[in-house]
J.: 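One structure is given below, represented as structure tokens, and several questions about it will come after.
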Protein chains: 2
Amino acid sequence: MTTAAQRPATLEDVARVAGVSRSTASRVIAGTGFASPAAREQVTAAVDQLGYVPNPAARALVRGGGVRLVVAVLGTSAAVLDDPYVHQVVGSAARVCTPAGVGVALHWLPFGDPRTLDQIGRDRSVCGVILVNTTEDLLAAVPQSLRGRVVSIGIGSATVPSFDVDNAAGSEAVLRHLYAAGRRRIAMVTGPRWLPCAQRPVQTYRRLMAEAGLPERILPGDFRAARGRTAAGEALHRWPDIDAVYAISDDTALGVIAGLRDAGVRVPGDVAVAGFDDIPLAGMTAPALTTASHPVGRIAVAAATAVLDGRPAAPVTLFPSALVARASA
Amino acid sequence: MTTAAQRPATLEDVARVAGVSRSTASRVIAGTGFASPAAREQVTAAVDQLGYVPNPAARALVRGGGVRLVVAVLGTSAAVLDDPYVHQVVGSAARVCTPAGVGVALHWLPFGDPRTLDQIGRDRSVCGVILVNTTEDLLAAVPQSLRGRVVSIGIGSATVPSFDVDNAAGSEAVLRHLYAAGRRRIAMVTGPRWLPCAQRPVQTYRRLMAEAGLPERILPGDFRAARGRTAAGEALHRWPDIDAVYAISDDTALGVIAGLRDAGVRVPGDVAVAGFDDIPLAGMTAPALTTASHPVGRIAVAAATAVLDGRPAAPVTLFPSALVARASA
DNA sequence: CTGTTAGCGCCTTCAT
DNA sequence: ATGAAGGCGCTAACAG
């Protein structure tokens, strides 16, 4: 059905073979505008014969559309770009963008440096931006030029729609589960202090502890397993009577379990542990991890779709988080 | 240093402000061709003042360069695109491509369907392709038009350079470790049968077992944890005397451990378990997982760089795999 | 309904 | 060393 062309066919070639003008060929291929059934057929046949594939770059150039969707991640160093969470966002976004002829780029946004984001906004090849690890400062630094084609995975603003998991509700479900199981000395390992969307679970924790008349025991974390392991030791040291630890990520929670085991503490016998994310391995560990689901892939797909579509999205789109009760708590 | 332009500046604007022609501006900005120090300075100043960012799409159009690097994954269904391994490849590639103004696209390649790859080769916006899960058939289906700008993570060919971990050596190290620890009834959970790069560890296993006069015990797998769990049961059923299991991925190995635990078998007391990959969580589980390292990120970076650079790469680039001995074996 | 005419933003011979 | 001109591949008004 196609002759292996040495030089890929262009619209011009298609038009010539079909015996019509470029415009007509363009119309039937892009599906825009009118065309007689006859012309339509000629063009389709020519496309088939030539194995013609439109060039998204040329198309974007004339339409002013852009060919890249940027995933921009705020962080203290470029190492944030190596994060599995970021990779999942990029992968899911790429999958959505591919049919549209759009590629995904990955940028590190240093703290307190609006220049990078400014440049991205001035790059005419950029069709939109997904912000990750968003802060108020970052939102304030979003240039006008990006209006309407930028979204955030995390907190949003009046001009930047937000897509995120409902981690307040998820956290509440986990904490209530802990409470229902009789746990009363519950420590929490949080995310980075500068990250607003990691503070919401903390607020939930504070509120619930206050309501139940229980003490607040908070340890800073960074979503990673290594920190969980050290945090477990710290928690044991500062509050020897703890009977539960809630970590804001599964990786951290598994680190906590490792740390507790290091100290000879049984899980869940002595201390219950719960995480957040429901990573694939959460059901495989010993003990299997109690956690709350976190549909990162679906969130990224929704965010990318919103940017691609370009029509105004709802200010906040929350994805439900469900408790997944396993053995660890 | 930049006035927030409503409409991003173009080369034309820069030239006007600098008081030179577009050609001159282009030369100094692209760093190609000659330019007087005076002109150079004028242009640089104008770029700064206007906050000019070149449009990679326009540039690619005129140079015939392309703006997207395609990660193409062979698999039975589009679900392969959701794999964390694939996401890591995409993320690492995106990081490399971004400075070059190139975005990453993600394609699923169905079995026995050369059309998709053909189309990719005819898309003039594609600057190169990284093949993942490569087979001989796939290699044979690589169109001429892709020559010199396609690489494989997995097996390669005369025209497709290969980038991969040295999983033969890695597997040998793991298996010798098992043997040195006194294990003599070693089963192996492999990858998909159709995946050549997953067969290399199997060959190594066969050779070593033969050399040591030990029985071959092979179970098919799919790299995933769930399969490891069921495979453990099968192994126990078919070969009640096994004292070790080597799984071709850490996920699978952790599944195996879970499956053994389900059956009341102690790890490593009764049966040792080893994996391959050294994922971040491998050191956190109970018992901590013995495995071999697998620098996926570095491999993807090398592959993407090779495609971007466009100069012929070595036929095969092998990344070393190191034994990481922990508690499970 | 179709073809002609202009570009989108940029690079690259060619003269100068 | 610089400018003018042409064109990469495509779409979007325009006329016809």
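Sequence lines set the chain letters: A, B, ... in the order given, protein chains first and strands last, and positions in each chain run from 1.
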J.: Once the angle between the rings of B/F163 and B/F319 is folded into 0 to 90°, is it parallel (under 30°), tilted (30 to 60°) or perpendicular (over 60°)?
T.: tilted
J.: Whole-Å distance between D/dG7 P and A/L11 CG?
T.: 17 Å
J.: For a quick check of understanding: with a heavy-atom distance under 4.0 Å over all strands, which category does A/A35 fall into, base, sugar-phosphate or nothing?
T.: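 Touches sugar-phosphate only.
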J.: So what does A/A57 touch, heavy atoms closer than 4.0 Å: a base, only the sugar-phosphate, or nothing?
T.: nothing
J.: Does A/R63 place a side-chain N or O at less than 4.0 Å from the phosphate oxygens OP1/OP2 of D/dT11?
T.: no
J.: Taking CZ from B/R16 and P from D/dA4, how many angstroms apart are they, rounded to a whole number?
T.: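 Rounded to the whole Å, the gap is 14 Å.
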J.: What is the distance, to the nearest angstrom, from the CG atom on A/D13 to the P atom on D/dC10?
T.: 9 Å
J.: What integer distance in Å separates A/N55:CG from C/dC8:C1'?
T.: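 My rounded result for the distance is 13 Å.
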J.: Between B/F111 and B/W194, how do the two ring planes meet: parallel, tilted or perpendicular, split at 30° and 60°?
T.: perpendicular
J.: Side-chain N or O of B/S23 versus OP1/OP2 of D/dG3: is the shortest distance under 4.0 Å?
T.: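 No, because none of the side-chain N or O atoms of B/S23 sits under 4.0 Å from OP1 or OP2 of D/dG3.
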J.: Could you tell me the separation between the CZ atom of A/R122 and the P atom of C/dC10, rounded to a whole number of Å?
T.: 13 Å
J.: Any side-chain donor-acceptor pair under 3.5 Å between A/R68 and A/S125?
T.: yes
J.: Check the distance between D/dG7's P and A/L61's CG and give it to me in whole angstrom.
T.: 17 Å
J.: Determine whether the side chains of A/D164 and A/S162 contain a donor N or O and an acceptor N or O closer than 3.5 Å.
T.: no
J.: Once you round it to whole Å, what is the distance between C1' of D/dT2 and CZ of B/R22?
T.: 14 Å
